[in-house]
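Scope of the values below: all heavy atoms of this structure, side chains included, with no hydrogens, waters or symmetry mates.
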Amino acid sequence: MTVSMDRSDARDFGPNYWDTDYVNLRGIQRTKKQTLLMVTDGNRLMMVKVLRQPDGVEQETGERQRAAVKAEVMYSPPACMFISWTCFSTTFVRPRLRWCVVSDSGEAMSARRVLVPASTNILYRLTSWRRIASRSASSFHQPCVGTARSNEENADINWDDLGFGHVPTDYMYVMRCSRDDKFSSGVLNRYGNIELSPSAGVLNYGQGLFEGLKAYQKQDGSGFLLFRPEENARRMQRGAERMCMPSLSVVQFIHAVKETVLANKRWVPPQGKGSLYIRPLLIGIGPVLGLAPAPDYMFLIYAAPVGTYFKEGLAPINLVIDDKIHRATPGGTGDVKTISNYAPALKAQTEAKTKGFTDVIYLDSINKKYLEEASSCNLFIVKGDVISTPATMGTILPGVTRKSIIEIAIDYGFRVEERLVSLEDLLDADEVFCTGTAVVVAPVSSITYQDQRYEYKTGTETVTQKLYNILTAIQMGLVEDRKNWTVEIK
């Protein structure tokens with residue numbers, strides 16, 4: 001058997017693939033002359049002893065080269081045995097991109113890109129150690145396309161018929177660490193199910209966070225744009241501190257998002273047809289029985305192409321006020337994006353939709369007279385040249401789109417107030433709109449409270465439409481980004 005390192009973006013590795021998902025392994029035996037690692041073909045595991053580099057293999061000189069090291073199979077346990085995995089990295093390739101190629105009798109069988117720092121100046125070496133939760137070999141037996149980037153043309157999908165639903169894409173990004181460690185490097189896995197212990201912290205005690213952001217196709221097709229991803233990263237950090245979880249750095253978060261977009265680039269809709277919705281998750285996966293933080297954590301990102309969030313599309317929506325069910329309470333977690341905030345809203349939202357409403361507006365739980373949020377978006381009201389939005393005081397999520405709309409409105413001469421917004425203020429408003437990553441800026445046509453319907457101004461000449469046009473032009477790169485809000489991916 002031969003284990004080789006290929007520093008090229010190889011694409012064709014023959015008909016038979018091993019999708020082995022190489023990641024770092026803590027405690028692997030390694031000396032100057034040999035290294036032990038585990039490989040699998042989906043049916044069996046093999047412990048391989050990698051011997052010293054053959055004589056005559058030189059460092060990169062600019063030409064495409066392949067450096068091989070001899071190896072021999074040491075042990076082949078049953079496929080159901082739980083294992084951890086290791087990854088090799090090669091030098092002289094683009095930063096943070098490494099290829100590990102496993103071949104049999106000279107015919108390459110597997111290629112997997114891994115994400116590690118570009119900090120080595122030798123031909124190849126094991127990267128920084130990181131323990132990975134054990135998984136069976138059979139769970140890795142999935143089709144592999146030879147490269148962790150989708151190089152095909154656009155996905156076979158009707159871009160004109162996109163809603164906001166789950167569409168499985170090609171890859172997901174995964175990182176793991178223990179509670180006392182820090183997240184280091186991650187990997188791109190084929191999109192698919194994950195294994196969790198029945199006693200995982202996220203399943204038993206809801207210890208989890210999620211984020212949402214979008215990637216837009218650039219107008220000239222030369223790449224993609226993210227909108228203020230550092231804000232999502234910082235919000236996840238705040239949420240992780242509140243939920244007693246380790247968190248990623250802003251740089252790690254943005255890097256993971258970029259890798260996910262590039263790996264699923266054929267699923268990014270053409271400009272004007274939608275966007276690639278990106279869903280980062282941070283969850284406690286370690287087992288717990290008594291109430292306590294989980295010992296181990298997973299950061300995961302998946303993505304899906306989406307159109308408009310509400311079934312009305314870009315048409316104005318109709319909301320109803322629920323004064324009996326409350327989304328959050330003071331001292332709780334209403335201001336962080338924890339997964340446990342959203343299921344309690346399902347009852348009110350489901351009942352509202354059965355009555356023909358688009359979504360629900362929730363009031364504060366103390367006075368039951370001040371606006372807070374809708375189920376998944378922030379609220380704004382317009383009265384004259386004054387735009388008001390409920391202040392985030394511990395029970396309202398500080399939305400990235402909300403923050404951006406406030407800044408845009410100020411730039412364009414509106415007076416913006418973050419304050420307590422009462423029912424009376426709402427019912428007397430000229431316009432009402434919702435903001436959020438998923439909904440962007442959604443105009444509200446009517447609000448029903450205690451069986452009485454109140455209508456609001458909508459249309460092309462409204463403040464709402466003006467703000468929507470400005471925001472989306474920045475997000476899609478149609479105008480100069482003077483605020484440096486967008487991050488380009490090529």
Does any part of the side chain of Pro443, heavy atoms only, come nearer than 4.5 Å to the side chain of Thr462, both counted from C-beta? no

Residue list, ring pair (Phe, Tyr, Trp, His ring centres under 6.0 Å) with Phe380, at least two apart or on another chain: Phe433

For Leu346, look at atom CG and say whether over 12 heavy atoms of other residues, nucleotides or ligands are found less than 6.0 Å away. yes

Applying salt bridge (Lys or Arg N to Asp or Glu O under 4.0 Å) to Arg453 and not counting sequence neighbours gives Glu455

Distance-only side-chain donor-acceptor flag, Ser375 / Tyr342, under 3.5 Å: no

Greater than 12 external heavy atoms within 6.0 Å of Tyr412's OH: no

Using a 6.0 Å cut-off, check whether atom NZ of Lys483 has over 12 heavy atoms from anything other than its own residue. yes

Are the side chains of Thr401 and Asn378 in touch, meaning some heavy atoms are under 4.5 Å apart? no

Backbone N or O of Lys466 within a donor-acceptor pair of the Asn469 side chain at under 3.5 Å? no

Residues in salt bridge (Lys or Arg N to Asp or Glu O under 4.0 Å) contact with Asp323, at least two apart in sequence or another chain: none

My understanding is that only residues two or more places apart in sequence, or in another chain, count here; which of them pass salt bridge (Lys or Arg N to Asp or Glu O under 4.0 Å) with Asp481? none

Counting N and O atoms only, with roles assigned by atom type, does the side chain of His326 sit under 3.5 Å from a partner on the main chain of Leu363, one being a donor and the other an acceptor? yes

Residue set satisfying side chain to side chain contact (heavy atoms under 4.5 Å, CB included) with Tyr468, at least two apart, ordered chain then number -> Leu314, Val440, Val441, Gln465, Thr472

Within a 6.0 Å radius of atom CD on Glu407, are there more than 12 heavy atoms belonging to other residues, nucleotides or ligands? yes

Apply side chain to side chain donor-acceptor pair (under 3.5 Å) to Ser376 and list each qualifying residue two or more places apart in sequence or on a separate chain. Tyr309

Do other residues, nucleotides or ligands put more than 12 heavy atoms under 6.0 Å from Lys353 NZ? no

Check whether any side-chain heavy atom of Arg235 lies under 4.5 Å from a side-chain heavy atom of Leu397, and answer yes or no. yes

Between Gln207 (side chain) and Met243 (backbone), is there a donor-acceptor pair under 3.5 Å? yes

Side chain to side chain contact (heavy atoms under 4.5 Å, CB included) against Ser388, all qualifying residues, sequence neighbours excluded: Ile381, Val386, Glu417, Arg419, Val421

Salt-bridge present (Asp296, Arg176; N to O < 4.0 Å): no

Whether the side chain of Gln271 engages the backbone of Gln217 through a donor-acceptor N/O pair (distance < 3.5 Å, no angle test) should be reported. yes

Give a yes/no verdict on a cation-pi contact between Arg190 and Tyr171, requiring under 6.0 Å between NZ or CZ and the six-membered ring centre and an angle within 45° of the axis. yes

Give the C-alpha distance, both sets of side-chain angles, the deciding distance and a yes or no for side chain to side chain contact (heavy atoms under 4.5 Å, CB included) between Tyr362 and Ile325. CA-CA 7 Å; Tyr362 300 93; Ile325 294 179; 4.2 Å; yes

Any side-chain to backbone donor/acceptor pair from Asp430 onto Lys457? Under 3.5 Å, distance only. no

Between Thr338 and Asn341, is any side-chain donor less than 3.5 angstrom from a side-chain acceptor? no

Donor-acceptor pair, distance only, cut-off 3.5 Å: does the side chain of Asp180 make one with the backbone of Pro295? no

So, Gln252 side chain and Phe183 main chain: donor-acceptor pair closer than 3.5 Å or not? yes

Check whether any side-chain heavy atom of Asn367 lies under 4.5 Å from a side-chain heavy atom of Ser422, and answer yes or no. no

Below 4.0 angstrom, N of the basic side chain to O of the carboxylate: do Glu351 and Lys355 qualify? no

Sequence neighbours left out, what pairs pass salt bridge (charged side-chain N to carboxylate O under 4.0 Å, His left out) with at least one residue falling in residues 385-401? none

Any residue meeting side chain to side chain contact (heavy atoms under 4.5 Å, CB included) with Thr260, in chain and number order, not counting sequence neighbours: Tyr173, Asn264, Ile301, Ala303

With the side chain counted from C-beta on, respond yes when Lys214 and Phe227 share a heavy-atom pair under 4.5 Å apart, and no when they do not. no

Is a donor from one side chain sitting under 3.5 angstrom from an acceptor on the other, for Asp335 and Thr392? no

Non-neighbouring partners of Arg234 that pass salt bridge (Lys or Arg N to Asp or Glu O under 4.0 Å), sequence neighbours left out: Glu231

Set out, in order, the CA-CA distance, both residues' side-chain angles and the distance that settles ring-ring contact (aromatic ring centres under 6.0 Å, His included) for Tyr191 and His166, then state yes or no. CA-CA 12 Å; Tyr191 178 85; His166 176 58; 5.8 Å; yes

Counterpart residues, side chain to side chain contact (heavy atoms under 4.5 Å, CB included), relative to Asp161 (two or more places apart): Asn158

Pairwise salt bridge (charged side-chain N to carboxylate O under 4.0 Å, His left out) hits with a residue in residues 361-377, at least two apart: Arg327-Glu373

Any donor-acceptor N/O pair, Tyr205 side chain to Leu289 backbone, under 3.5 Å: yes

